Amino acid sequence: MSDGLDVIVLDDDPGIGNVLKELIETFYSWGEVICFSKTEKAIESCLKRDSGVAIFVVDVFLKGMSGFFFLDSIENKFPSVHEDAIMISGKASEDVVDMCLASNVTYLLEKPVKPYALQLAVRAITLKYLNFAKKLLRDPALARSISRL
C-alpha cells in the first residue's frame with residue numbers, strides 16, 4: 001500500500017487484468033497499481049485499506065457477480081467509489097450504459113481498451129483529487145474544517 005492515490009484493477013481474466021495494470025503503470029505515477037482477478041479477494045483487500053480513496057478499473061461482468069455489485073460492496077469504505085470507477089466491458093450494450101448511469105459511473109470503455117481512452121479516464125479522476133489537494137494547501141481553514149470530520 002502506498003501513500004498515494006492507488007489504482008485498483010479488477011478483471012476475472014488474469015491476463016486482461018495484468019495487461020490493464022501494465023498499461024496504467026506506463027503513465028501513472030501518483031500511486032501503486034494493484035490488480036485482482038478474484039472479486040472476493042479484491043473486496044477483502046479494499047475493506048482492509050487505510051485510505052478510502054482510490055481509482056477503480058473494473059470489468060462489468062465478473063464471475064459470479066457484476067462489477068457494480070463489487071462497487072456497492074465497498075462503498076462504505078470508499079464513499080466516492082462509483083464516481084472514481086472506470087468500467088470495462090466486452091460489449092457496451094444499452095443495458096450496460098443504463099447500469100452505469102444508474103450507478104453514477106461516468107467512465108465506460110469497451111474491450112479491447114484503447115490506451116489513450118484509459119489514460120484520459122484515469123487522468124480525469126486523478127485531477128479531481130489533485131485539484132482538491134491544491135485547494136486544501138491554499139485554504140488552511142478549509143483543511144482544518146475537513147480534518148475535524
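Below, all heavy atoms of this structure are taken into account, side chains as well, without hydrogens, waters or symmetry copies. Keep in mind it's a predicted model, so treat the numbers as computed, not measured.
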Measure across [X] and [Y] and return the closest heavy-atom pair with its distance rounded to 0.1 Å.
{"X": "Asp12", "Y": "Lys63", "result": "OD2-N, 3.0 Å"}
{"X": "Ile8", "Y": "Cys46", "result": "CD1-SG, 3.7 Å"}
{"X": "Leu5", "Y": "Thr126", "result": "CD2-CA, 4.1 Å"}
{"X": "Val60", "Y": "Val96", "result": "CG2-CG1, 4.0 Å"}
{"X": "Met87", "Y": "Val105", "result": "CG-CG1, 3.4 Å"}
{"X": "Val97", "Y": "Ala92", "result": "CG2-O, 4.3 Å"}

Taking [Y] as the starting point, is it possible to reach [X] by hopping between hydrophobic residues whose side chains are less than 4.5 Å apart?
{"X": "Val19", "Y": "Val57", "answer": "no"}
{"X": "Phe68", "Y": "Ile43", "answer": "yes"}
{"X": "Tyr129", "Y": "Val7", "answer": "yes"}
{"X": "Trp30", "Y": "Leu127", "answer": "yes"}

Decide yes or no for [X] and [Y]: does some side-chain heavy atom of the first lie under 4.5 Å from some side-chain heavy atom of the second?
{"X": "Thr39", "Y": "Phe69", "answer": "no"}
{"X": "Arg49", "Y": "Ile74", "answer": "no"}
{"X": "Ser89", "Y": "Leu108", "answer": "yes"}
{"X": "Ser80", "Y": "Val53", "answer": "no"}
{"X": "Asp59", "Y": "Leu10", "answer": "no"}

Rounded to the nearest 0.5 Å, what's the gap from [atom1] on [X] to [atom2] on [Y]? Could you check?
{"X": "Tyr28", "Y": "Arg123", "atom1": "OH", "atom2": "CZ", "result": "10.0 Å"}
{"X": "Met65", "Y": "Glu40", "atom1": "CE", "atom2": "CD", "result": "5.0 Å"}
{"X": "Glu94", "Y": "Asp98", "atom1": "CD", "atom2": "CG", "result": "5.5 Å"}
{"X": "Ile125", "Y": "Ile55", "atom1": "CD1", "atom2": "CD1", "result": "5.5 Å"}
{"X": "Lys114", "Y": "Leu120", "atom1": "NZ", "atom2": "CG", "result": "13.0 Å"}
{"X": "Lys128", "Y": "Asp84", "atom1": "NZ", "atom2": "CG", "result": "3.5 Å"}

Checking Ser45 side chain against Ala42 main chain: does a donor-acceptor pair fall under 3.5 Å?
-> no
Between the side chain of Lys21 and the main-chain N/O of Val9, is any donor-acceptor distance below 3.5 Å?
->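 Here the side-chain-to-backbone pair does not exist.
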Are any of the side-chain nitrogens in Asp11 or Lys111 under 4.0 Å away from the carboxylate oxygens of its partner?
-> yes
Does Glu75 have any salt bridge (charged side-chain N to carboxylate O under 4.0 Å, His left out) partners at least two apart in sequence or in another chain, and if so, which?
-> none
Given the options Asn104, Thr106, Asp72, His82 meets side-chain hydrogen bond (donor to acceptor under 3.5 Å, both in side chains) only with Asp72
Among all residues two or more places apart in sequence or in another chain, which pass the ring pair (Phe, Tyr, Trp, His ring centres under 6.0 Å) test with Phe78?
->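 Per chain and number, Phe78 pairs via ring pair (Phe, Tyr, Trp, His ring centres under 6.0 Å) with Phe56.
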Within a reach of under 6.0 Å around CZ of Phe27, are more than 12 heavy atoms found that belong to other residues, nucleotides or ligands?
->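 Check passes, neighbour count above 12.
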